[in-house]
Amino acid sequence: MVNLQDISKVIRSKNASPFELTFDIILRDKTYYDQLKEKRCINKGVLAELYGIAEDDINDIIYFDPCCAIKVTLKRAIPSGSPGDTDVYGAQQHAPLLTLQVEI
Amino acid sequence: MNNIDKQFKILSPTAILGYGFPLESFMNGIREDPDLIAVDAGSVDPGPYYLGSGKSFTDKIGVKRDLRHMLKQGIGRKIPIIVGSCGGSGAAPHLEWCKAIVEEIAREEGLSFRLGLIYSDIDKQVVIEAIENNKIEPLQYLDKLTSDVVDRSVNIVAQIGVEPIIEAIKLNCDVILAGRAYDPAVFAALPIHLGYDPGLSMHLGKILECAAIAAEPGSGSDSVLGILGPDSFILKPLNRIRKFTRESTAAHSLYEKSNPYSLPGPGGALDLRNVSFRQLPDGQVEVRGSRLIPSEKYNVKIEGVQKLGYRAISIAGSHDPIMIKNISDIIKDVNATVADILHSENIDGEIYFHIYGKNGVMGSLEPAQEIVSHEIGIVIESVSSSQEAANTICTITRSTLLHYGYAGRISTAGNLALPFSPSDLPAGEVYSFSIYHLMEIDNQDLFKIKVVEI
């Protein structure tokens with residue numbers, strides 16, 4: 001088991017719209033990517049537990065071969081900039097992924 | 001029709017007009033003899049306030065600086081200049097703001113040209129009729145649009161496609177300022193008009209709208225060049241510290257999108273399933289295989305916000321371990337005390353505590369249960385129907401928290417370190433996104449074009 005950050009070169013979050021938060025995980029190389037893709041290590045169950053959300057609030061998880069990336073999009077609990085929001089750009093919601101344990 | 005065997009060069013100065021660019025990079029682009037200078041000036045990223053208030057999230061000095069270089073270099077050389085989503089949000093007040101800056105520069109520099117203005121605003125009645133005719137559908141995670149929501153919304157705009165921009169090009173405009181526009185459209189309109197492939201033009205636009213963000217190292221404040229040919233396009237850095245790589249270019253398809261294989265836009269979707277990237281010397285990348293699949297119906301994304309009231313905030317900190325340990329209970333008690341006061345005075349409103357060190361950044365998504373920081377930051381936020389009421393709620397909440405006698409308290413002189421005097425700040429109007437839907441349109445006449453000789 002390794003931390004996701006140890007095998008990734010990019011882990012980031014950002015709004016995909018004012019109502020969606022999207023996460024990009026770009027792996028360091030194809031070997032890691034292929035293993036994660038084959039085992040579907042990043043799946044709705046893992047993400048729902050990590051962020052304490054319902055699986056229904058997670059959109060498709062897309063494995064993007066051209067740059068060895070995994071993309072996940074979630075429903076925002078509060079739309080960008082509405083009262084109670086904490087991160088208008090959605091750029092600082094990635095940190096729990098850094099230490100997510102994945103099997104390599 | 002142009003000869004599309006000839007290369008078509010597009011200079012993208014910066015990711016957002018006003019974010020700046022090194023003059024050397026920009027001039028390297030000018031020396032390439034570009035056929036178009038285009039830039040995106042907007043985004044919904046900064047939140048609903050800017051569309052609602054009619055103000056720009058970019059600074060006038062920054063926007064004027066960028067535009068001055070574009071106009072000075074472009075006008076004399078007869079290079080068309082196209083700006084999209086003017087003023088940040090692209091409604092009429094934003095477009096007027098940008099136009100005034102262009103006019104100021106023209107006066108100061110003695111420039112004259114034909115200016116085209118494209119309005120992206122959509123009349124409420126048009127939206128309500130579209131609802132009645134079942135021509136509006138919600139985007140992911142939104143409810144069906146109702147006429148009530150439309151009535152409450154302000155500054156409704158559509159992300160226009162290439163068609164209105166092509167209309168302005170046909171009117172021989174030298175400079176085109178567009179209201180809210182689909183980001184790639186300002187780059188793709190002219191080449192599509194000249195006969196270049198729409199898929200390649202749109203994909204190139206999609207990358208150029210972020211300027212050097214897709215390069216390595218990435219930057220939102222540096223210029224790049226796009227070179228469109230008959231069956232591929234090339235990305236070329238204009239700053240020797242950057243290069244495009246196959247990976248950096250492919251990775252850009254992920255950025256701020258929910259699906260990197262299919263990017264829906266006005267009138268069609270960009271299909272990137274068969275795209276290939278080829279590394280060229282000097283940090284250049286060649287891209288081919290992008291396709292634009294026209295949709296059966298022409299949809300535009302419409303955006304609108306509603307005003308919820310006014311906000312006031314107070315910023316404070318605590319370094320007391322007893323207070324930090326009990327912060328959740330303390331906030332609960334303070335909320336109850338304040339609610340009693342507001343109730344007795346007939347003041348309505350909402351209070352939000354942003355506790356940095358606990359879950360100030362991630363809110364409900366925060367997995368950490370315990371506070372491990374030696375100090376915490378507290379932002380008290382109040383929202384109410386008037387600025388006065390918001391101020392009152394904020395101040396009463398701050399003073400209650402400041403002197404609240406929580407269980408186990410040893411520090412009895414005050415619970416908060418307040419960095420500023422005044423400690424409580426009126427923060428103005430509060431908006432929320434209310435419209436983020438697709439609207440089917442029958443013709444492009446919705447978007448008015450005005451031509452002005454400058």
Side-chain angles (χ1 to χ4, degrees), chain A residues 9-10 12-30 47 49-53 56-57 59-97 99-100, chain B residues 43-52 138-142 245-261 272-273 275-277 301 303 305-306 308-309 311 350-352 354-356 359-368 379 381-383 430-434 436:
Chain A
K9 59 179 178 186
V10 173
R12 66 187 178 197
S13 68
K14 190 79 192 277
N15 295 344
S17 86
F19 299 85
E20 290 176 306
L21 200 56
T22 192
F23 296 81
D24 300 334
I25 302 158
I26 306 180
L27 280 307
R28 279 216 184 124
D29 68 45
K30 198 171 173 317
L47 291 162
E49 196 187 327
L50 189 63
Y51 282 98
I53 54 175
D56 283 351
D57 288 341
N59 207 333
D60 284 346
I61 297 171
I62 295 170
Y63 285 77
F64 187 57
D65 297 347
C67 61
C68 299
I70 304 167
K71 186 175 230 344
V72 181
T73 306
L74 313 180
K75 178 183 181 179
R76 263 178 161 276
I78 298 171
S80 165
S82 286
D85 185 23
T86 58
D87 185 359
V88 171
Y89 288 63
Q92 282 296 308
Q93 306 301 312
H94 63 291
L97 287 168
T99 50
L100 177 69
Chain B
S43 173
V44 290
D45 263 349
Y49 171 80
Y50 300 95
L51 178 57
L139 282 160
Q140 183 84 20
Y141 303 130
L142 276 98
T245 67
R246 295 177 61 216
E247 293 74 25
S248 74
T249 311
H252 187 68
S253 325
L254 296 167
Y255 190 62
E256 297 176 331
K257 295 283 167 208
S258 50
N259 184 341
Y261 289 112
L272 300 182
R273 280 172 302 182
V275 169
S276 63
F277 303 92
K301 191 186 286 181
E303 300 167 348
V305 298
Q306 58 184 342
L308 299 180
R311 175 183 283 123
E350 291 159 65
I351 306 168
Y352 302 90
H354 301 262
I355 315 280
Y356 291 91
N359 63 355
V361 171
M362 294 190 59
S364 64
L365 293 180
E366 176 59 63
V379 177
E381 174 191 3
S382 63
V383 176
V430 179
Y431 293 88
S432 70
F433 283 107
S434 52
Y436 203 71

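Each chain gets a letter, A, B and so on, in the order the sequences are listed, and its residues count up from 1.
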Looking at every non-hydrogen atom in both residues, tell me the closest pair between Asn259(B) and Lys71(A) and how far apart they are. N-CD, 4.4 Å
Give, as side chain, backbone, both or neither, the part of Leu365(B) having an atom under 4.5 angstrom from any heavy atom of chain A. both
Of all heavy-atom pairs linking Ala251(B) and Ile26(A), the shortest is CB-CD1, 3.7 Å
Pair Lys30(A), Asp65(A) - check salt bridge (charged side-chain N to carboxylate O under 4.0 Å, His left out), show working. CA-CA 9 Å; Lys30(A) 198 171 173 317; Asp65(A) 297 347; over 6 Å; no
Could you look at Leu21(A) and say if it's the side chain, the backbone, both or neither that has a heavy atom under 4.5 Å from chain B? side chain
Less than 3.5 Å apart, any donor N or O on the side chain of Glu20(A) or Asn15(A) sitting next to an acceptor on the other? no
Minimum heavy-atom distance between Tyr436(B) and Lys301(B), given as atom pair plus value: OH-NZ, 3.2 Å
For each of Ser82(A), Ala95(A), Ala91(A), Gly52(A), tally heavy-atom pairs with chain B at distances under 4.5 Å, and name the one with the top tally. Ser82(A)
What part of Tyr431(B) lies closer than 4.5 angstrom to a heavy atom of chain A: side chain, backbone, both or neither? backbone
Please state whether the side chain, the backbone, both or neither of Pro79(A) comes within less than 4.5 Å of a heavy atom of chain B. neither
Side chain, backbone, both or neither of Val361(B) within contact of chain A (heavy atoms, under 4.5 Å): both
Residue, of Gly363(B), Pro48(B), Ser276(B), that accumulates the most heavy atom pairs under 4.5 Å with chain A: Pro48(B)
Using a cut-off of under 4.5 Å on heavy-atom pairs, state which of Gly309(B), Gly47(B), Ala250(B), Pro260(B) scores highest against chain A. Pro260(B)
Relative to chain A, which segment of Gln140(B) carries a heavy atom at a distance below 4.5 Å: side chain, backbone, both, or neither? both
Contacting region of Leu272(B) [heavy-atom separation from chain A under 4.5 Å]: neither
Measuring heavy-atom distances to chain A, does Arg246(B) have an atom under 4.5 Å in its side chain, in its backbone, in both, or in neither? neither
As an exercise: rank Ser364(B), Ala368(B), Ser248(B), Gly360(B) by heavy-atom pairs under 4.5 Å with chain A and give me the winner. Gly360(B)
Smallest separation among heavy atoms of Pro367(B) and Leu50(A), with atom names: CB-O, 3.7 Å
Highest number of heavy-atom pairs under 4.5 Å with chain A: which of Leu142(B), Leu139(B), Val44(B)? Leu142(B)
Between the side chains of Lys14(A) and Asp45(B), is the shortest nitrogen-to-carboxylate-oxygen separation below 4.0 Å, so that they form an ion pair? yes
Residue selection (most heavy-atom pairs with chain B, distance under 4.5 Å) from Ile78(A), Asn59(A), Ile53(A), Asp57(A): Asn59(A)
When every non-hydrogen atom of Val305(B) is compared with those of Phe433(B), the smallest separation belongs to CG1-CD2, 3.7 Å
Quick one: sort the Phe23(A) and Tyr51(A) rings into parallel, tilted or perpendicular, breaks at 30° and 60°. tilted
Between Asp85(A) and chain B, with a heavy-atom cut-off of 4.5 Å, which part of the residue counts as in contact: side chain, backbone, both or neither? backbone
Can you tell me if Ser80(A) uses its side chain to pair, donor with acceptor, with the backbone of Pro18(A) under 3.5 Å? no
